[in-house]
Amino acid sequence: MKYKIPRGTYDIFPKDSARWHHVIDTFRRVAQSFGYEEITTPIFEMAEVFERSSGESSDVVQKEMYRFQDQKGRSFALRPEGTAGVVRAYVENHLDRVGGKSKFYYIGPMFRYDRPQAGRYRQFYQYGIEFIGSNNPYYDAEVIALEMQFLAELGLKNVSLEINSVGCAQCSEDYDEALRAYYKPHMDGLCPDCQKRYHVRPRRLQDCKAAYCRTLKAAAPSQLDYLDQDCKEHFTQVKSYLDQMDVKYQVNPGIVRGLDYYTNTAFELIVDALGAQNSIAGGGRYNSLISQFGGKDTAAIGFAGGFERLLLALEKEGIAGYEPIKPRVYLIGIGEAVRAMAIEYLSKLRKDGIYVEYNPDKSSFRAQMKAADASGARYALIIGEDELAAKMPTLKDLESSQQHSVDYRQLLDILN
RNA sequence: GUGGAUGUAGUUCAAUGGCAGAGCGCCGGAUUGUGGUUCCGGUCGUUGCGGGUUCGAGCCCCGUCAUCCACCCCA
């Protein structure tokens with residue numbers, strides 16, 4: 001075995017392809033029914049696009065980005081997430097000047113250099129939604145409702161929606177300060193990870209699993225108490241829209257998104273059965289990102305979901321993929337003498353859109369009948385010496401075991 | 001990036017340091033023109049890779065690669 005697939009990547013064979021298509025088709029259909037249209041951006045961008053948007057300090061940028069330089073020494077990166085590219089495209093094409101609302105969906109591979117694990121890959125596929133152009137809490141709810149409807153149509157049951165508000169930049173800063181003040185006296189007892197978190201992202205302190213850190217969490221200040229009037233009102237309205245749309249959720253002040261650009265609404269979809277990698281989708285509002293990219297101050301909200309984890313979750317619930325497509329008829333040719341007639345029927349049927357299977361490597365009638373049966377075809381079309389002489393093939397119904405000779409028109413009638 | 005487990009036929013799994021095996025699958029046959037069930041026969045291996053210990057290594061040791069689990073992070 002000379003060549004091996006790169007670590008953290010995988011091949012999708014036809015056996016799985018049908019399931020992928022089903023999931024993707026469903027997503028497209030639901031997105032379109034909400035008025036979203038597809039946008040496709042490059043798989044790589046200038047490294048800065050991601051550094052600026054995700055935040056220089058985020059893990060994604062710090063250690064997980066695939067960076068490379070091109071022949072002229074310019075620094076690029078394989079995209080670790082989808083939003084930055086969409087926002088870059090939006091601003092670059094002056095959609096912020098045009099005004100109005102943009103509703104995008106995207107589907108494609110993302111790349112992160114991370115240690116692979118079940119549900120975690122170095123190249124993985126995401127589907128995502130970006131709504132740009134309004135701060136109306138209605139759109140927060142719309143985007144979430146879209147995702148929930150998508151999952152419902154796939155038949156996924158055991159998934160929970162957790163929402164939070166991280167407020168605007170000001171609320172967020174106030175809260176970080178409050179957290180630092182709270183944790184400061186306990187610094188020495190914190191685990192090494194949390195000592196780092198204290199400086200970089202204090203809110204991360206709250207979902208630490210170390211015993212001592214966890215005891216501190218109970219009395220820690222909550223983000224929700226540090227929202228200003230507008231942010232509080234926004235969050236209340238989002239929840240109220242969700243109620244009206246009959247979307248069930250759980251408020252979880254611990255929800256912290258990993259990318260720095262989120263403001264106000266943040267949410268995550270959790271499937272407990274998935275183990276450590278239990279988040280199948282996540283997103284939130286990013287009201288300051290477009291202006292950060294040099295565009296007009298424009299509010300936006302979006303989310304991304306992971307196909308691999310979604311597929312795993314569907315599997316856990318026993319929601320099988322699609323059955324492989326079976327041939328309608330299996331062509332059996334007995335002996336060299338009839339080959340020309342067999343090929344003639346094969347070609348004609350295929351031109352008429354019938355899925356015919358045929359295997360020239362099988363010799364005996366018996367072996368071909370076995371193969372016909374194994375193929376799952378309903379009919380076997382038999383062409384041997386007798387049929388050649390009569391210029392009429394025999395069609396056998398493999399379910400009823402009935403057979404009779406047919407001319408081409410009869411054959412088509414039955415197969416259609 | 002850290003800690004741990006695993007790696008044997010296409011696949012699922014056996015094999016006390018002593019001849020690498022079984023089920024399933026695959027191929028062929030049981031009336032040379034009739035499938036499913038059954039029966040018979042056959043094919044299938046650099047034991048992930050590279051070193052070491054040993055008379056002898058699938059098994060013990062070291063390294064490496066990959067997968068899985070947890071941490072971390074997140075989709």
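A note on names: the letters A, B, ... follow the listed sequences, proteins ahead of strands, and every chain is numbered from 1. All values derive from a computational prediction rather than experimental measurement.
- Distance CG (A:D373) to C1' (B:C26): 16 Å, rounded to an integer number of Å.
- In this structure B:C55 sits in a base pair with B:G18, meeting the Watson-Crick or G-U test at under 3.5 Å.
- A:A372 comes within 4.0 angstrom of no nucleic acid atom, judged by non-hydrogen atoms across all strands.
- Shown here is A:M245, whose CE atom has more than 12 heavy atoms of other residues, nucleotides or ligands within 6.0 Å.
- Cation-pi geometry between A:K103 and A:Y36 is met: the NZ or CZ atom falls under 6.0 Å from the ring centre, inside 45° of the normal.
- An aromatic stacking contact between A:Y125 and the base of B:A75 is absent, as defined here by ring centres under 5.5 Å apart and ring planes under 30° from parallel.
- Below the 3.5 angstrom threshold, one finds a donor paired with an acceptor across the side chain of A:Q403 and the base of B:U34.
- Rounded to whole Å, the distance from NZ on A:K370 to C1' on B:G29 is 9 Å.
- Counting non-hydrogen atoms under 4.0 angstrom, A:G119 reaches a base of the nucleic acid.
- Here A:I332 lies out of heavy-atom contact (under 4.0 Å) with every strand.
- We find that CZ of A:F365 is positioned 12 Å from C1' of B:U32, with the value rounded to whole Å.
- With distances taken from any side-chain atom of A:I382 to the nucleotides B:G36, B:U34, B:A66, the minimum falls on B:U34.
- Considering only side-chain atoms of A:K396, the nucleotide from B:G33, B:U34, B:A75 that sits closest is B:U34.
- In this structure, CD of A:E268 is placed 9 Å from C1' of B:A75, rounded to the nearest angstrom.
- Pairing partner, B:G3: B:C69, with both Watson-Crick or wobble hydrogen-bond distances short of 3.5 Å.
- Under 3.5 Å, the side chain of A:E387 and the base of B:G33 form at least one donor-acceptor pair of N or O atoms.
- Nucleic acid contact for A:G384: base, since at least one base atom lies under 4.0 Å from a heavy atom of the residue.
- Regarding A:Y330, its OH atom lies at a distance of 17 Å from the P atom of B:U34, rounded to whole Å.
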Please enumerate all protein N or O atoms sitting under 3.5 Å from an N or O of nucleotides 1-5 of chain B, with distances to 0.1 Å.
unit_1: B:U2; atom_1: O4; unit_2: A:R115; atom_2: NE; d: 3.3
unit_1: B:U2; atom_1: O4; unit_2: A:R115; atom_2: NH1; d: 2.9
unit_1: B:G3; atom_1: O6; unit_2: A:R115; atom_2: NH2; d: 2.8

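- One C1' atom belongs to B:U47, the other to B:C60, and the distance between them is 16 Å to the nearest Å.
- Using a 4.0 Å heavy-atom distance criterion, A:Y121 is classed as a base contact.
- Between A:L346 and A:R350 there is a side-chain heavy-atom pair separated by less than 4.5 Å.
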(request) Go through the steps for A:Y90 and A:E130 under the test side chain to side chain donor-acceptor pair (under 3.5 Å), then give the verdict. (result) CA-CA 11 Å; A:Y90 178 90; A:E130 310 292 356; over 6 Å; no
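- Taking a pair to require two hydrogen-bonding distances under 3.5 Å in either a Watson-Crick or a G-U wobble arrangement, B:G41 pairs with B:C27.
- Nucleotides B:C62 and B:A5 place their P atoms 11 Å apart, quoted to the nearest Å.
- Taking only side-chain atoms of A:A367, from C-beta outward, the nucleotide of B:C73, B:G35, B:G28 with the closest atom is B:G28.
- Checking B:G36 for Watson-Crick or G-U wobble geometry (two distances, each under 3.5 Å) identifies no partner in any strand.
- Partner A:F307 forms a ring-ring contact (aromatic ring centres under 6.0 Å, His included) with one of A:Y125, A:Y127, A:Y121 and no other, that one being A:Y127.
- Atom name C1', nucleotides B:G29 and B:G48: the rounded distance is 37 Å, in whole Å.
- For B:C59 and B:G42, the P atoms lie 30 Å apart once the distance is rounded to whole Å.
- One can place CG of A:N359 at 9 Å from P of B:C27, the figure rounded to the nearest angstrom.
- Backbone-only contact: A:G8 has heavy atoms under 4.0 Å from sugar-phosphate atoms and none from a base.
- Between the C1' atom of B:A66 and the CZ atom of A:R122 lies a distance of 11 Å, rounded to the nearest Å.
- With a 4.5 Å cut-off on side-chain heavy atoms, A:L412 and A:I354 count as touching.
- At least one test fails for A:K232 against the ring of A:F235: distance under 6.0 Å to the centre or angle within 45° of the axis.
- Inter-residue side-chain proximity for A:Y249 and A:D243 is flagged as met; some heavy-atom pair is nearer than 4.5 Å.
- A:F111 has its CZ atom 16 Å from the P atom of B:A75, to the nearest Å.
- Proximity of A:S364 to the phosphate of B:G29: a side-chain N or O atom is located under 4.0 Å from OP1 or OP2.
- Judged by the 6.0 Å and 45° rule, A:R122 forms a cation-pi pair with A:Y113.
- Nucleic acid contact for A:L398: base, since at least one base atom lies under 4.0 Å from a heavy atom of the residue.
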